[in-house]
Number of protein chains: 2
Amino acid sequence: MTRPLNLEEVGRRAGVSRSTVSRVVNGGPNVSSETKRRVEAVIAETGYRPHAAARSLASNSTGVIGLVIPSAVATLFDDPYFGRLILGISSATNDVSMTLALFLFGAGPDESSIISRVVTPGLVDGVIVTATTRGDPLIDHMQGTSMPFVVVGRPDNAGSTFCVDVDNRAGARTAALHLAGLGRRRPALIAAPSNTTAGVDRRNGFLEGLAEAGLSVESRVAEGDWSQESGRDAMARLLADRPDAVFVASDRMAVGALRAIREAGLHCPGDISVVSFDGIVPPDLTSPRLTSVVQPVTEVGERAVRLLTAVIAGASTPEHVVFPTELAVRESCGATPTAEPGA
Amino acid sequence: MTRPLNLEEVGRRAGVSRSTVSRVVNGGPNVSSETKRRVEAVIAETGYRPHAAARSLASNSTGVIGLVIPSAVATLFDDPYFGRLILGISSATNDVSMTLALFLFGAGPDESSIISRVVTPGLVDGVIVTATTRGDPLIDHMQGTSMPFVVVGRPDNAGSTFCVDVDNRAGARTAALHLAGLGRRRPALIAAPSNTTAGVDRRNGFLEGLAEAGLSVESRVAEGDWSQESGRDAMARLLADRPDAVFVASDRMAVGALRAIREAGLHCPGDISVVSFDGIVPPDLTSPRLTSVVQPVTEVGERAVRLLTAVIAGASTPEHVVFPTELAVRESCGATPTAEPGA
DNA sequence: CTGAAAGCGCTAACAT
DNA sequence: ATGTTAGCGCTTTCAG
């Protein structure tokens with residue numbers, strides 16, 4: 001006859017009440033060390049583990065946070081960005097002994113049902129939302145609920161939400177200034193999708209930096225979709241205009257751009273300087289190695305978790321965390337490389 | 001005065017008991033359509049959603065499945081394999097209205113605590129374990145618990161576990177036969193880590209196929225670590241031995257190998273035929289396009305979820321699902337490409 | 001320092 | 001067809 005292994009049973013075996021067992025399990029005060037020892041012995045020998053659902057119900061806290069990635073099309077995982085972000089978030093949740101729930105969804109009929117699952121009470125304590133597009137209804141939806149959430153990235157209506165982002169605009173501006181400083185005079189731009197704030201911010205930042213240097217892209221602008229292929233296609237098209245420099249809004253697209261340059265029989269950085277954004281593709285994977293505006297993806301993820309726990313704990317004045325980026329100068333821009341950042 | 005929005009409250013507003021509300025929420029029988037209509041109206045206007053933890057506790061089923069990836073080092077996400085697998089698993093869990101919890105952990109002191117969190121009662125209904133290494137203690141650990149689980153890949157002691165894998169051995173053998181059929185006589189092998197069963201199976205399958213064709217790799221063998229860099233390094237070393245063909249155990253490593261070939265001033269497939277395994281890198285991303293043994297990653301993920309739900313439902317005789325692979329012949333092997341599979 | 005008791009919100013018999 | 005009731009295993013006052 002095997003009875004359920006719960007607090008009551010552990011208490012029975014240790015000769016104490018379930019309240020006392022609960023106290024030792026949760027490291028509560030007011031337990032004699034002798035009692036504590038005995039209870040712990042029973043826990044060890046029985047392998048008792050508290051029941052998560054029961055605990056959630058009684059304490060009104062689940063210990064799990066959700067990560068919501070809408071429009072999670074296949075291509076999304078071809079970019080190392082999300083893997084890195086997930087890694088950062090996962091490691092931060094592990095650090096605080098929480099569990100990570102992943103909500104991925106593309107367009108489709110299931111979308112609204114998943115959206116509503118995310119805000120199911122008693123499922124997660126809060127959620128991190130990322131990869132939203134401009135005007136994404138998801139964020140409005142979240143605001144209409146009482147579920148704590150933080151956004152990774154900059155939502156359109158950022159004012160009222162907690163979010164953590166990198167300074168895309170400043171980073172792109174730095175890229176422009178760097179290119180200008182190298183004496184380049186016919187810059188081109190391969191932008192990221194304009195339905196994302198990161199895409200818009202990087203584009204604006206680049207144009208702003210150019211303007212400061214008295215330069216302009218004129219018609220040398222193309223927009224990619226984050227994929228390597230799109231970067232290659234965009235570069236191939238732009239080459240007709242004979243640019244002597246190009247800022248590519250993501251590493252992945254830059255890899256494609258480098259390829260297009262090579263396929264056109266041109267040389268980088270000799271014929272054209274390339275600077276990209278992300279700092280996520282291992283430098284040695286390309287030749288020349290990419291000069292890139294590095295964003296601290298892992299830190300962003302970790303910070304998002306910390307911020308979310310604060311919101312869950314009751315923080316109420318929207319906080320806006322913005323991480324700076326750092327320009328890693330390597331060979332693709334044609335400048336003399338500086339030391340690797342952090343080296 | 002706002003009262004908690006629960007079954008009781010919804011029932012109060014609709015003028016019925018909480019059991020009745022529970023029935024309509026769960027689509028149970030024995031509810032008059034008039035009552036059902038009234039209750040649904042209240043639910044719609046209040047935005048009531050059942051409390052997940054309470055439901056889990058009462059029903060002894062959480063509706064969440066865990067995905068466990070040990071040794072989730074950063075490099076893990078540089079390979080599109082895991083992204084694809086997660087996508088497949090996520091879409092399958094969405095289909096059955098379940099939630100996906102992600103447990104990633106590298107080596108470290110936290111490892112055992114995460115391992116034990118995975119088997120916390122009342123947290124997940126079952127777990128999918130993948131990316132284990134040979135002799136991984138995690139699987140033994142899982143077997144010691146009553147938590148339902150399935151393995152993606154082939155555990156050493158597969159006999160007693162449910163698992164879904166692809167036929168790595170047969171796929172690699174096909175690659176060998178294909179290369180032999182092309183008239184290549186000095187084949188080389190860039191193997192995957194020998195502490196993984198996939199690595200071992202692919203190696204053995206290739207050697208087996210070679211033997212059937214009366215060929216041998218002799219000393220033309222190197223082992224990579226799945227990374228693109230390792231493939232490049234391995235190829236660079238092997239080139240000294242003048243192979244006229246190489247089987248690379250993963251697409252990522254093959255991309256690196258192609259690069260090494262180019263950097264050595266050699267030509268693929270002219271000087272050397274390349275066949276890889278995975279079929280996960282978009283063909284147009286490399287030139288020449290890779291001939292590859294394609295494994296159905298997404299299907300594997302979906303199938304793992306289905307199998308797990310069966311185990312959760314009580315299935316008890318270990319089942320071993322093995323998906324076949326398919327050779328996609330493109331340009332890197334030097335053969336005349338066939339039509340794209342599935343085209 | 002420890003125990004008793006009242007829920008948390010839901011499901012699932014069992015009544016009616 | 002609907003209501004009543006007894007838990008699920010835990011946390012958390014409140015007594016002692």
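So that the names make sense, note that chain A is the first sequence line, chain B the second, and so on, each numbered from 1. Computed from heavy atoms alone, side chains included, the values below leave out hydrogens, waters and symmetry copies.
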*Has the side chain of A:T197 got a donor or acceptor atom that lies under 3.5 Å from a matching backbone atom of A:R154?*
yes
A:R55 CZ to C:dG9 P, in whole Å, measures 19 Å
Separation of C:dT2 atom C1' from A:R38 atom CZ, nearest Å, is 11 Å
Residue pair A:P4/B:N30 against DNA chain D: nearer the 5' end by closest nucleotide is B:N30
inquiry  = Taking any heavy-atom pair under 4.0 Å as a contact, classify A:S32: base, sugar-phosphate, or nothing.
reply    = sugar-phosphate
May I ask you to evaluate whether B:S19 reaches the phosphate of D:dT4, defined as a side-chain N or O under 4.0 Å from OP1 or OP2?
no
- Query: Base, sugar-phosphate alone, or nothing: which one does B:N60 contact when heavy atoms must sit under 4.0 Å apart?
  - Reply: nothing
Atom CZ of B:R12 and atom P of C:dG9 are separated, to the nearest Å, by 15 Å
In whole angstroms, the gap separating P of D:dT12 from CG of A:L57 amounts to 12 Å
For D:dG3, does OP1 or OP2 lie under 4.0 Å from any side-chain N or O of B:T20? yes
From CZ of A:R23 across to P of D:dG9 the rounded distance in Å is 20 Å
Of D:dT2, D:dC10, C:dT11, the nucleotide closest to the side chain of A:A54 is D:dC10
Per atom distances to the A:S17 side chain, the nearest of D:dG3, D:dT12, C:dG3 is C:dG3
In whole angstroms, the gap separating P of C:dG7 from NE2 of B:H51 amounts to 17 Å
Separation of C:dG9 atom P from A:L123 atom CG, nearest Å, is 16 Å
*Are any of A:S56's side-chain N or O atoms less than 4.0 Å away from OP1 or OP2 of D:dC10?*
no
Side-chain atoms of B:P50 come closest, of C:dT2, D:dA1, C:dC10, to C:dC10
- Compare all side-chain heavy atoms of B:V129 with those of B:V150 and state whether any distance is below 4.5 angstrom. no
Out of D:dT11, C:dT11, D:dT2, minimum distance to the side chain of B:V31 belongs to D:dT2
Rounded to whole Å, CZ of B:R49 lies from C1' of C:dC10 at a distance of 14 Å
Original post:
Going by modelled atom types, is there a donor-acceptor pair between the base of C:dT11 and the side chain of B:R18 at under 3.5 Å?
Top reply: yes
| message | Considering every strand and a 4.0 Å limit on heavy-atom distances, what is the contact class for B:N6: base, sugar-phosphate, or nothing? | response | sugar-phosphate
- Item | OP1 or OP2 of D:dT11 under 4.0 Å from side-chain N/O of A:N26 | yes
* Asked: Base, sugar-phosphate, or nothing: which does A:V16 touch, judged by heavy atoms less than 4.0 Å apart?
  -> sugar-phosphate
Checklist entry - Within the pair A:S59 and D:dT11, is there a side-chain N or O less than 4.0 Å away from OP1 or OP2? => result no
